[in-house]
Each structure stands twice: as structure tokens, then as C-alpha cells.
Amino acid sequence: MTVLEPQTSFEVSNKGFYGSFGGAFIPEMLYPNVEELRRNYLAIMGDPAFQAELQALLTDYVGRPTPLFLAERLSNQVGATVYLKREDLCHTGAHKVNNTVGQILIAKRLNKQRIVAETGAGQHGVATATVCALMGLECIVYMGSIDMKRQQPNVDRMRMLGATVVPATSGSQTLKDATNEAMRHWINNPVDTHYIIGSVVGPHPYPDMVARFQSVISEEIKTQLLAKTGRENPDYVVACVGGGSNAAGAFFHYLHEPSVRLVAAEAAGLGVLSGHSAATTALGKPGVLHGSRTILMQTDDGQVTEPYSISAGLDYPGIGPLHAHLFNSGRGDFYAITDDEAIQAGFQLSKLEGIIPAIETAHALAALPKMNMKPSDVAVVCLSGRGDKDLAIYSKYL
Ligand SMILES: *Cc1c(COP(=O)(O)O)cnc(C)c1O
């Protein structure tokens, strides 16, 4: 993986900003931890020995490079050439492990003995517990007690991997409360604990660090597309956005290629205006969420609105600051995809290509027919995860 130097306005600034979004809006108690990470992450990631260890794990443990697959039957249906970047074939079934593998190596370089993480549906918790088992580090995952009931299989997975799952019993007993309690744990254990955030959100340097770890996705797309088509740039790169880590990884090496349109699919839930939605750019306004200035869904007096999506991974009231900047600057095209559109796209891919996508991923697929592509256009869709975890939901539509 190459670590890019800042080049243009789509790179993070020294203070952690993408345009007017980003930064580190954190309580003073958290400052030493975040500052230790900020001072060290680029030097650690730039160290050849670190890169060698990371590359070996990405190859032999995660299973990279993941294939770039020409989806012929889907292409015929859509009326343009569609390639799928198969992150669903990563170990643990999604892209999240690209980030947790990287961050656990950072934690080791910082001499941390314990990992703390938050999880909503449990996907990031499982990816974190996985790499902690691999490295023999203690793992504590905070999870809302309501989410623990809703996502029992992931709780069992984390426990089987040796993690301690701590129920967050405050507030609405979901992701935001788990985040608060994990932060509190980190504040109280600054010396020996590293906090692994699961997306391109949180205070600087997290959004940039996570984007760099996920950037292996677009690095591989460039090489693979060149080998298959003679050009490394498609016309479109398409990804779903919850916090935005798979999208950031798929976009990263195309941020400065204006001929490549960057397409983000957000979850519209029951409809953008239904009151049950997670379509952040359609509904949100600038504000501070989880340590960075971004776009988030909020009431007129600034209370964070409870999001809704059929897909647990997209059920988040904000987006990472890079995506807020892509939206604000017009560099990215944002589509709001309803639950029903996503479910239909999930069935379509299953029947046309024999690939059952995660419902998160199905949102990206559902954007394809809305993009007015020409027959000569080439689109790469980031197939962020596999759909096995979602069968109980899909089966209601069978
Ligand atoms: C968690 C998850 C997402 C959403 O997270 P991002 O940070 O936006 O990528 C998307 N797809 C899958 C399969 C996930 O597990």
C-alpha cells in the first residue's frame, strides 16, 4: 500500500480538515490519547517494516488482492460495463478487516496491550475481535444492550473469538451510547489501550488513518482494471456509505482524477421524507458528531436524529468528513436508496451473478440504474460485504 503525500484539497490538511469538515472536537481528557496517535500514525505507516508486516497479513490472512469481477449479466441489464470489487471475499466477509488489521499493527507499535472498540450491529466488533485473537491482545467491545439482543450471533462470534462484550445500558442503549462508554474506557486507560474506530469517522487522525488502510481497495482496482481493459480509470466508482470507509477506500486513488465520477449510495430507509431514513446528505446539516465537524441528521436545536435503515451498517446519523466535503464540493454524486430498492438490487445480483451481497452493498448496486450511464461507460462497484448475515431479512421477501 502506498501512503500518499497531501496533494490537493481532497487530502486531509495538517489539522485534519477536508475543506471545512473534520478536525478533532474532543473533550480535554481525550486529548493525550488522540494526540499520541496523531503524532505517530504517519511515521508508523511509512515505516517499511510496518508495510511489510501489513502486506503479509493482507495477503495471507485477509486474502488480498480481492478479485475484480466483470459482471456480464448485470452489465447487460444495466446497459453499461459493470465490474465488482469483491471485498465480500475478505476474511470475515467484508472490507472492515482491512482497517482492523492495520490498526492492530499500529496499536502494537504504540505498545498497547488492550483494544477497545464500539459496535452497532456487531460487524466492526467481530472484525476487531478477530485481529485481537490473531495478535493475542485483550479485546473489549462496547455494544448497546438493545443491539446485543438484536444481533445475538455477532455477540456469540465476538465471545468465541475471546473478546469481552460489555453492554452499554445508558441512553437509547444503541451505537451512540456504546461509543460514549468506549470513549470513557479509553479516557480512563490512556497508557495501555488503543481505540479502534470502525469507519472514516471520529476525531483526526482517525478518518485519514482508516481511509489510508482502506485505500488498498482502489490501489488494487487501478492495477486490475488496467490489466483487464487497458485503462486504470473507470468512468464511475460506486460504493455505499454508512460512515464511509469502504467508499473512502474505493475512491481514494481516484480523488484527484476528475474524469472518474465518485458515486455514494446512502440509505433512504422507508423514503427520504418518511421520518425513517439515514440519508444524511439529503436531510442533514453541518455539525459536530463523534469528534469531527461533518454533515449529520439533527433537529432544529441540534439534537442528533435517530436514523433508520433496514441495513444495520448504514444506520448512522452522519457521514465521515471526507464524504461531507465530497458532497459539498460537488466532487461526489450522492443517491438516496430506499430499503425496497436495496432489497430488489440484492435479489437481482444474486440471480444474475450468483453473488448474495450484504444489504449495505445492495444500496450501491441500486444506484446503478439511476446514473444514466452510456453503453460505453465502465463502472466499478465496491462489493463491500457478503449477504449471509442478512438472510433472515432477505428471506422475508422470498
Ligand atoms: C459496516 C459495513 C458498511 C458500512 O460501513 P462503511 O464505513 O460506510 O463502509 C458497508 N458494507 C458492509 C458490508 C459493512 O459491513
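Any value given below was found using the heavy atoms of this structure, including those in side chains, with hydrogens, waters and symmetry copies removed. This structure is a prediction, so every number in the text was calculated from the model and none was measured. Position 1 is the first residue of the sequence; numbering continues from there. Start at 1 and go down the list; that is how both ligands and their atoms are numbered.
For ligand 1, the polar-atom distance check against K389 finds no nitrogen or oxygen pair separated by under 3.5 Å. Close N/O approach between K96 and ligand 1 is found [any backbone or side-chain N/O within under 3.5 Å]. Considering backbone and side-chain N/O atoms, G243 comes within less than 3.5 Å of an N/O atom of ligand 1. Below 3.5 Å of separation, one finds no N or O of G198 facing any N or O of ligand 1. Where the criterion is an N or O separation shorter than 3.5 Å, residue side chain and backbone included, G242 meets it with respect to ligand 1. Taking any N or O of H95, backbone or side chain, at least one lies under 3.5 Å from an N or O belonging to ligand 1.
Across all their heavy atoms, I146 and S172 have their closest contact at CD1-O, 3.6 Å.
Below 4.0 Å from some heavy atom of G385 lie the following atoms of ligand 1, by number and element: 13 (C). Heavy-atom contacts of A358 reach the following atoms of ligand 1: 13 (C) (cutoff under 4.0 Å).
The protein non-hydrogen atom at the shortest distance from atom 4 (C) of ligand 1 is G313 O, 3.4 Å. Among protein heavy atoms, the minimum distance from atom 11 (N) of ligand 1 is reached at S384 OG, 2.8 Å. Closest to atom 10 (C) of ligand 1 among all protein heavy atoms lies E360 CB, 3.5 Å. Protein heavy atom nearest atom 6 (P) of ligand 1, with residue, atom name and distance: S245 N, 3.3 Å.
Salt-bridge check for E87 with K96: failed, with every basic side-chain N at 4.0 Å or more from each acidic carboxylate O. Classification of E353 and R73 as a salt-bridged pair fails, no side-chain N sitting under 4.0 Å from a carboxylate O.
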